[in-house]
Asker: 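Below is a structure I'd like to ask you about.
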Amino acid sequence: MKRLLEIMTRHKAGASVGVCSVCSAHPLVIEAALRHAQRNDSDVLIEATSNQVNQDGGYTGMRPVEFARRARSLAVRLGLPPERVMLGGDHLGPNCWQHLDAEAALLRSERLVADYVAAGFRKIHLDCSMSCAGDPVPLTDAMVAARAARLCAIAEQTWRQVGGEAPVYIVGTEVPVPGGAHEALSELTPTDAAAVEKTIDAHVGVFRDLKLSEAWTRVIGLVVQPGVEFDHDRVIDFRPDRIGALSRVIDAQPRLLYEAHSTDYQTSANLRALVRAHFAILKVGPALTFALREALFALDQIESELLGPQRASRLRHTILAAMTADPAHWNRYYSSSGLQLAIDSQYSLSDRIRYYWPQPAVVAALDRLLANLGASPLPLALLSQYLPEGYRAVREGRLNPDARELAMHHVELVLRQYASACGQTNGSRDDLPAA
């Protein structure tokens with residue numbers, strides 16, 4: 001975490017710098033992030049979320065040690081130095097066990113945090129903002145802080161047992177819902193500056209009471225609501241004029257900065273404005289798998305045109321069939337029906353499709369798609385039709401006309417916006433068009 005701390009220190013010293021947190025478990029997204037870091041000679045922060053990766057496997061089927069091993073192995077294969085790769089755990093707390101009473105959920109949360117730290121994750125988001133069965137709604141600052149401190153104690157104990165770099169922590173009470181809003185949005189109110197001061201005071205007090213004052217010196221970020229979010233087809237844009245007091249509160253803190261969740265689909269200008277407003281950690285997840293889905297659906301169309309429906313992988317059909325067979329990951333979020341449901345399920349900005357990529361039938365279809373299209377370079381005319389940004393990069397000699405490369409390139413278009421906003425680009429020409 002030394003490099004992350006260096007970025008935070010530079011920001012506190014007045015530099016408009018930050019870090020992009022890549023919150024995705026999809027292997028192609030992770031590879032795109034690692035390649036982007038390698039090309040720009042920069043660091044990369046990759047975070048797994050508690051519902052993706054946990055002691056029970058999460059929806060990816062991976063436990064923390066497996067996720068960490070895969071990410072590190074891929075970095076080694078790509079030639080990215082290990083010190084360039086930072087691993088974080090997002091929404092570590094009762095998120096997956098809100099249906100249980102608080103004590104039962106927190107016991108599972110302790111195991112979750114211990115497993116993440118033991119696996120080498122060193123940026124730990126302690127998120128105890130959600131109510132469990134029988135809890136008041138919402139929880140008080142004192143309750144959230146007490147639960148976060150309890151989990152921090154477990155993280156500290158585990159770190160001292162396994163060794164390595166000391167963990168750094170993110171806390172906060174106004175935490176956006178993991179994965180995007182559940183309902184249609186019209187407007188969001190940023191967190192009140194007085195509420196931030198109250199949150200900080202609550203955490204300082206309980207960390208002191210539990211003899212975690214030294215760990216508190218490694219709390220680097222606070223999650224608040226800057227007034228950004230997205231739903232199925234709308235993005236709530238960042239408005240700097242609404243958060244002046246919020247910025248001043250954190251500016252007065254000697255170490256703390258803000259972490260912005262749900263920054264997906266913000267414009268490049270908005271991302272830069274967030275960093276200037278001391279939201280130095282920008283989290284992005286669904287926008288990356290949304291971009292991947294765009295590219296893979298386009299490649300599915302190209303494959304169908306080239307091979308015909310009998311020989312094609314039918315990737316798009318396969319993943320939509322998986323969603324129909326198991327609607328658990330989307331039916332609470334989409335209240336539409338008929339044609340509108342078809343649009344929502346495929347194209348929603350909340351990208352509920354991302355939950356289905358790990359399913360064996362979908363994995364097999366994707367492998368077949370890439371194998372079918374990898375036999376020979378893709379025709380320029382079809383690239384121009386279905387992946388115009390990829391076509392441009394191929395024509396300018398910056399990208400091979402390979403299906404896998406084209407899919408990751410489309411993800412990197414999003415990553416570059418974040419790198420630019422965070423001051424992470426090194427000024428050299430990479431294989432992406434200007435953001």
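If you read the sequence from its start, that first residue is 1, and numbering goes on from there. A quick note: this is a predicted structure, and the numbers were derived from the prediction, not measured.
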Asker: Does a side chain donor of either H125 or D90 reach within less than 3.5 Å of an acceptor in the other side chain?
Answerer: yes
Asker: Go through the side-chain N and O atoms of Q55 and D115 and say whether any donor and acceptor fall under 3.5 Å apart.
Answerer: no
Asker: Verify whether one side chain among Y418 and T263 offers a donor that lies under 3.5 Å from an acceptor in the other.
Answerer: yes
Asker: Determine whether a donor-acceptor pair (N or O, by modelled atom type, separation under 3.5 Å) exists between the side chain of K123 and the backbone of E47.
Answerer: no
Asker: Check the pair R218, E156 against salt bridge (Lys or Arg N to Asp or Glu O under 4.0 Å), reporting the backbone distance first and the verdict last.
Answerer: CA-CA 11 Å; R218 287 181 270 112; E156 291 288 289; 2.7 Å; yes
Asker: Keeping H410 on the side-chain end and L406 on the backbone end, is there a donor-acceptor pair under 3.5 Å?
Answerer: no
Asker: When the ring centroid of Y265 is compared with that of F290, is the distance short of 6.0 Å?
Answerer: yes
Asker: With no hydrogens and no angle check, just 3.5 Å: does a side-chain donor-acceptor pair link Y334 and Q340?
Answerer: no
Asker: Compute the ring centroids of H36 and H409, then answer whether they are less than 6.0 Å apart.
Answerer: no
Asker: If only side-chain N and O atoms count, and only distance matters, is there a donor-acceptor pair under 3.5 Å linking E303 with S313?
Answerer: yes
Asker: If we ignore hydrogens and angles and just use 3.5 Å, is the side chain of N54 paired with the main-chain N or O of S50 as donor and acceptor?
Answerer: yes
Asker: Main chain of A277, side chain of S247: is a donor-acceptor contact present, judged purely on distance under 3.5 Å?
Answerer: yes
